[in-house]
Amino acid sequence: PVFAGMKGSAIENFSCVIYNIFLMNCTWQAGRDAPADTQYFLYWQKSKDEEEMECELYIKDENCRNVGCIFQNVSIGIEKAYFLVNGSSKDSLIQFYDEYIDLYKIEILTAPLNVTAHCTRDPMSCIITWHPPLTSHVENTKCFQYEISIQNK
């Protein structure tokens, strides 16, 4: 497809992570050949049924150019979310960047809760228990896989 706008003006290295259960952080870099006055704007849509929303809290670089966004109260749906970053410049048309992302794939999970270890000498054994981490989307706790690293002291 042919995109309107100056070649090399679209953002690069777009990525998002969800952390602390309901916060999402998206970042990008200005296009290599974008004019110095280019400003970028991020819009996202959680699903086809929901309306598109612009970022409310931009992260800015030293030139006051938007290079990221922090979203609050994010919940993870079953559809891929749609992200669009467009730009404006008084000198030229700026290419847009868009991407569909499965939000559950970008979530950084919190640690499991209430981890306890109960060890006995005779017989030498330990029972380790925990609760699943908090998350904004997984209802089925059987989905989690855990790895236990035991250092013998």
Side-chain angles (χ1 to χ4, degrees), residues 1-116 128-151:
V2 178
F3 295 109
M6 194 178 110
K7 197 168 181 284
S9 62
I11 59 151
E12 300 173 17
N13 299 329
F14 181 80
S15 81
C16 299
V17 292
I18 292 173
Y19 61 102
N20 288 359
I21 304 153
F22 60 84
L23 297 175
M24 180 167 68
N25 192 350
C26 296
T27 57
W28 60 84
Q29 287 167 325
R32 231 167 300 191
D33 301 324
D37 75 327
T38 305
Q39 184 58 286
Y40 294 104
F41 304 96
L42 170 61
Y43 299 86
W44 86 300
Q45 197 174 9
K46 197 178 125 185
S47 69
K48 285 189 215 67
D49 307 328
E50 301 197 28
E51 61 185 278
E52 197 172 75
M53 293 182 299
E54 187 185 351
C55 172
E56 289 181 355
L57 188 58
Y58 282 108
I59 301 163
K60 295 178 179 291
D61 66 10
E62 61 279 359
N63 304 317
C64 269
R65 184 183 269 176
N66 297 336
V67 291
C69 180
I70 297 167
F71 293 97
Q72 299 172 346
N73 301 320
V74 172
S75 63
I76 297 175
I78 46 175
E79 284 180 49
K80 284 181 189 260
Y82 176 68
F83 294 85
L84 168 74
V85 182
N86 63 23
S88 67
S89 158
K90 63 181 192 307
D91 299 332
S92 56
L93 277 175
I94 305 301
Q95 290 180 326
F96 70 86
Y97 172 92
D98 66 346
E99 186 178 350
Y100 285 91
I101 297 175
D102 273 318
L103 296 184
Y104 73 87
K105 290 181 179 172
I106 60 168
E107 183 174 20
I108 298 169
L109 294 170
T110 59
L113 302 169
N114 302 336
V115 179
T116 62
I128 301 170
T129 61
W130 61 85
H131 292 127
L134 296 172
T135 171
S136 76
H137 73 292
V138 174
E139 273 109 47
N140 185 354
T141 54
K142 293 187 183 80
C143 290
F144 289 109
Q145 292 182 353
Y146 301 94
E147 184 176 302
I148 298 174
S149 170
I150 300 172
Q151 273 88 45

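Values reported hereafter were calculated over all heavy atoms of this structure, with side chains retained and with hydrogens, waters and symmetry mates removed.
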State which residues pass salt bridge (Lys or Arg N to Asp or Glu O under 4.0 Å) with E79; sequence neighbours excluded, sorted by chain then number. K48
For the backbone of P133 and the side chain of T110, can you confirm whether one donor and one acceptor N or O come within less than 3.5 Å of each other? no
Audit row: L109, T135, side chain to side chain contact (heavy atoms under 4.5 Å, CB included) steps and yes/no: CA-CA 7 Å; L109 294 170; T135 171; 4.2 Å; yes
What pairs with E54 under salt bridge (Lys or Arg N to Asp or Glu O under 4.0 Å), at least two apart in sequence or on another chain? none
Exercise: identify the closest heavy-atom pair between D61 and N63: OD1-N, 2.9 Å
Of all pairs that satisfy disulfide (SG to SG under 2.5 Å), the ones with a partner from residues 6-46, not counting sequence neighbours: C16-C26
Find the distance between CD1 (I148) and CD1 (I128) and round it off to the nearest 0.5 Å. 4.5 Å
Not counting sequence neighbours, list each pair that qualifies as a ring pair (Phe, Tyr, Trp, His ring centres under 6.0 Å) and has a residue in residues 49-81. W44-F71
Apply side-chain contact (heavy atoms from CB on, under 4.5 Å) to T116 and list each qualifying residue two or more places apart in sequence or on a separate chain. T129
For E51, does the CD atom sit with more than 12 other heavy atoms under 6.0 Å from it, leaving out its own atoms? no
Nearest heavy atoms of S75 and L103, plus distance in Å: O-CD1, 4.1 Å
Between CD on residue E107 and CE on residue M24, distance to nearest 0.5 Å: 11.5 Å
According to side-chain contact (heavy atoms from CB on, under 4.5 Å), who are the partners of D102, at least two apart in sequence or on a separate chain? K80, Y104, K105
Greater than 12 external heavy atoms within 6.0 Å of L113's CG: yes
Taking C-beta and beyond as the side chain, do N86 and I94 meet within less than 4.5 Å on heavy atoms? no
I'd like to check the side-chain contact (heavy atoms from CB on, under 4.5 Å) partners of D91; sequence neighbours left out, ordered by chain and number. P35, D37, S89
What heavy-atom pair brings A34 and Y40 nearest, and what distance separates the two atoms? CB-OH, 3.3 Å
Check step by step if side-chain hydrogen bond (donor to acceptor under 3.5 Å, both in side chains) holds for S149 and E147. CA-CA 7 Å; S149 170; E147 184 176 302; over 6 Å; no
Just by modelled atom types, is the V67 backbone N or O under 3.5 Å from a matching donor or acceptor in the Q29 side chain? no
E50 CD to Q45 CD distance, which is reported to the nearest 0.5 Å: 8.5 Å
Using the test side-chain hydrogen bond (donor to acceptor under 3.5 Å, both in side chains), find all partners of S92 that sit at least two apart in sequence or belong to another chain. none
Least distance between heavy atoms, F41 atom then S88 atom: CE1-OG, 3.7 Å
Which residues share a side-chain hydrogen bond (donor to acceptor under 3.5 Å, both in side chains) with N114, sequence neighbours left out: H131
Treating R65 as the side-chain partner and T38 as the backbone partner, does any N or O pair qualify as donor plus acceptor under 3.5 Å? yes
Could you tell me if the side chain of D49 sits less than 4.5 Å from the side chain of S47, heavy atoms only? yes
Apply side chain to side chain contact (heavy atoms under 4.5 Å, CB included) to residues M6 and D33 and explain how you reach the verdict. CA-CA 8 Å; M6 194 178 110; D33 301 324; 4.1 Å; yes
Which heavy atom of W130 sits nearest a heavy atom of P112, and at what distance? CD1-CB, 3.9 Å
Note, T27 side chain near S15 side chain (heavy atom, < 4.5 Å): yes
Residues two or more places apart in sequence or in another chain: which of them pass side-chain hydrogen bond (donor to acceptor under 3.5 Å, both in side chains) with Y43? none
Please list all pairs meeting disulfide (SG to SG under 2.5 Å) that have one or both residues in residues 56-97, counting only residues at least two apart or in different chains. C55-C69
Among F83, Y82, F14, which residue meets the side chain to side chain contact (heavy atoms under 4.5 Å, CB included) test with D98? Y82
side-chain contact (heavy atoms from CB on, under 4.5 Å) involving L23 - partner list, sequence neighbours excluded: Y19, N20, Q72
Hey, what do you get for OH (Y97) to CG (L42), rounding to the nearest 0.5 Å? 11.0 Å
Spacing of CD1 belonging to I11 relative to CG belonging to N66, to within rounding of 0.5 Å: 11.0 Å
